[in-house]
Amino acid sequence: MLETGCDDVDKGFLKAGSPRTLLAAFLYFDVSFMVWVLLGPLGISIAHDLHLNAGQKGLLVATPVLAGALLRVVCGAFVDHFGPRRVAIAAQIFVIAGLALTWLIAPHSYGALFGVALVLGVAGASFAMALPLASAWYPPQYQGTALGIAGAGNSGTALAALFAPGLAALYGWVNVLGLATLPLTAVLIAFCFLSREPPKRPAGGGLVTWLPLLRSADCWALMFFYGVTFGGFVGLASFLTIYFNDQYGLAPAVAGTCTALVVFVGSFVRPVGGALADRFGGERTLSILYALAAVIFALIGFGLPTIWLAFPAFFLGMLVLGLGNGAVFQLVPTRFPTRVGILTGLVGMSGGVGGFYLASSLGAARQMTGSYGPGFLCFAMVAVAAFACVMVCRRRWTAGGDEMLTEAGASGAL
């Protein structure tokens, strides 16, 4: 009986939206995320070439994360005006051109790399295009699953960790930036053929439409929730290759492989997190996941002496964070059904800010104290705060004290 019910859900999902567009959104998201975090896997080679200390490495790999976070808000607003497909194509062309120019110029100074980081940040803003594109094609009962599938494109961070360190050793890190234009171009062509602009989308109203959202406690809660789950995910994806090399003496290629494995699990369980949130509720799912994250990262912060202990801990930690990413985005179209585009930008921005915080704080902790432990302990405390916040929201929403913006409510607020 249960198996028949699951088959009906699968068939209903396939018929409900546009599988071709969903595939295009996934591919676009995947290759964009691969490029977004590229400085992290290349960080060992760059640091050796430019003689960077731990603090400089942390700031450098965190900068594209922050740039992508801020640009997500801008792209979210563009999506509401022009549609996610058009904005996605324009952004991808910009990134390809920027990386090609970087390869030709071949910058070899610490300051010049921050310009490269800004170009990579545009790739990170892909979040604000891919998720609204997928969301607009599916009804409310399939939002968690659809957004989870599209969001599983964050597996691109694992591809960067898997291939970039070895390619940098063979061809140099500047040439790896040039090679990245090849998959970007291939996916852009596929995206143009596969994707379709959603038939219906809310009309954008400019920056003034943000004000009702920023006055909403629900908006800030969702931003905080994603700042922890996705911030933890992308911060670790950016920094773990450096961490494994520095903390446990792993060779760059081995460190990249270990990073890729833990990032893969965090990426591909994102649809599972969305489906669990569809089934049990986003608030209930998140409360469990935040409690687990707090315990796991506290253990890492107190110190794990060997890679054989650290790797399973990070594997479980990324599993929890990946599930949390899917669960948070089940709540976005549920709480704000008419403002998914700009909410995706705002919530996605907070996720990037969280990633910038984690990656930069780990480098700063190492530079100031000689240990990464304080950085992980602080992140564990942030997870505890998120657990407390989601419990408060769950009681308020259950009691009917929600702030979900309907079309009429949003218009009235303006």
In a check of side-chain contact (heavy atoms from CB on, under 4.5 Å) between L188 and each of I89, L27, V95, V31, which one passes?
I89
Does any N or O in the side chain of [X] come within less than 3.5 Å of the main-chain N or O of [Y], such that one atom is a donor and the other an acceptor?
{"X": "S361", "Y": "L358", "result": "yes"}
{"X": "R270", "Y": "A150", "result": "no"}
{"X": "S350", "Y": "M223", "result": "yes"}
{"X": "N245", "Y": "L250", "result": "yes"}

Nearest heavy-atom pair of [X] and [Y]: which atoms, and what distance?
{"X": "A160", "Y": "L38", "answer": "CB-CD1, 4.1 Å"}
{"X": "G235", "Y": "A359", "answer": "O-CB, 4.0 Å"}
{"X": "V263", "Y": "A158", "answer": "CG1-N, 3.3 Å"}
{"X": "Y28", "Y": "M129", "answer": "OH-CE, 3.4 Å"}
{"X": "T241", "Y": "A255", "answer": "O-CB, 3.5 Å"}
{"X": "W36", "Y": "A123", "answer": "N-CB, 4.2 Å"}

Please indicate whether Y248 has more than 12 foreign heavy atoms, meaning atoms of other residues, nucleotides or ligands, lying under 6.0 Å from its OH.
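Yes, the 6.0 Å shell around OH holds more than 12 heavy atoms from other groups.
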H48 atom NE2: more than 12 heavy-atom contacts under 6.0 Å:
no
What's the spacing between [X] [atom1] and [Y] [atom2] if we round to 0.5 Å?
{"X": "L276", "Y": "I288", "atom1": "CG", "atom2": "CD1", "answer": "9.0 Å"}
{"X": "L52", "Y": "I44", "atom1": "CG", "atom2": "CD1", "answer": "12.5 Å"}
{"X": "R86", "Y": "L133", "atom1": "CZ", "atom2": "CG", "answer": "11.5 Å"}
{"X": "M34", "Y": "S126", "atom1": "CE", "atom2": "OG", "answer": "11.5 Å"}
{"X": "F268", "Y": "I149", "atom1": "CZ", "atom2": "CD1", "answer": "12.0 Å"}

Derivation of the side-chain contact (heavy atoms from CB on, under 4.5 Å) call for Y243 and L362
CA-CA 9 Å; Y243 174 81; L362 289 173; 6.0 Å; no
Would F33 and F230 satisfy ring pair (Phe, Tyr, Trp, His ring centres under 6.0 Å), going step by step from the backbone distance to the final call?
CA-CA 12 Å; F33 262 46; F230 185 76; 5.7 Å; yes
With ring centroids as reference points, do F379 and Y372 lie under 6.0 angstrom apart?
no
Using 30° and 60° as the class boundaries, would you call the ring planes of F114 and Y110 parallel, tilted or perpendicular?
perpendicular
Tell me whether the rings of F314 and F244 are parallel (<30°), tilted (30 to 60°) or perpendicular (>60°).
perpendicular
Check whether any side-chain heavy atom of [X] lies under 4.5 Å from a side-chain heavy atom of [Y], and answer yes or no.
{"X": "L236", "Y": "V262", "value": "no"}
{"X": "F311", "Y": "L261", "value": "yes"}
{"X": "F239", "Y": "V65", "value": "no"}
{"X": "L99", "Y": "L120", "value": "yes"}
{"X": "F224", "Y": "V382", "value": "yes"}
{"X": "T21", "Y": "F26", "value": "no"}
{"X": "V61", "Y": "I242", "value": "yes"}
{"X": "S267", "Y": "T157", "value": "yes"}

Assess whether side-chain contact (heavy atoms from CB on, under 4.5 Å) is satisfied between R85 and R196, documenting all intermediate values.
CA-CA 7 Å; R85 183 178 182 273; R196 291 186 294 164; 5.5 Å; no
Apply side-chain contact (heavy atoms from CB on, under 4.5 Å) to Y290 and V320, showing your working.
CA-CA 8 Å; Y290 285 136; V320 168; over 6 Å; no
Evaluate side-chain contact (heavy atoms from CB on, under 4.5 Å) for L50 paired with L113, printing each intermediate quantity in order.
CA-CA 11 Å; L50 303 182; L113 286 178; 3.6 Å; yes
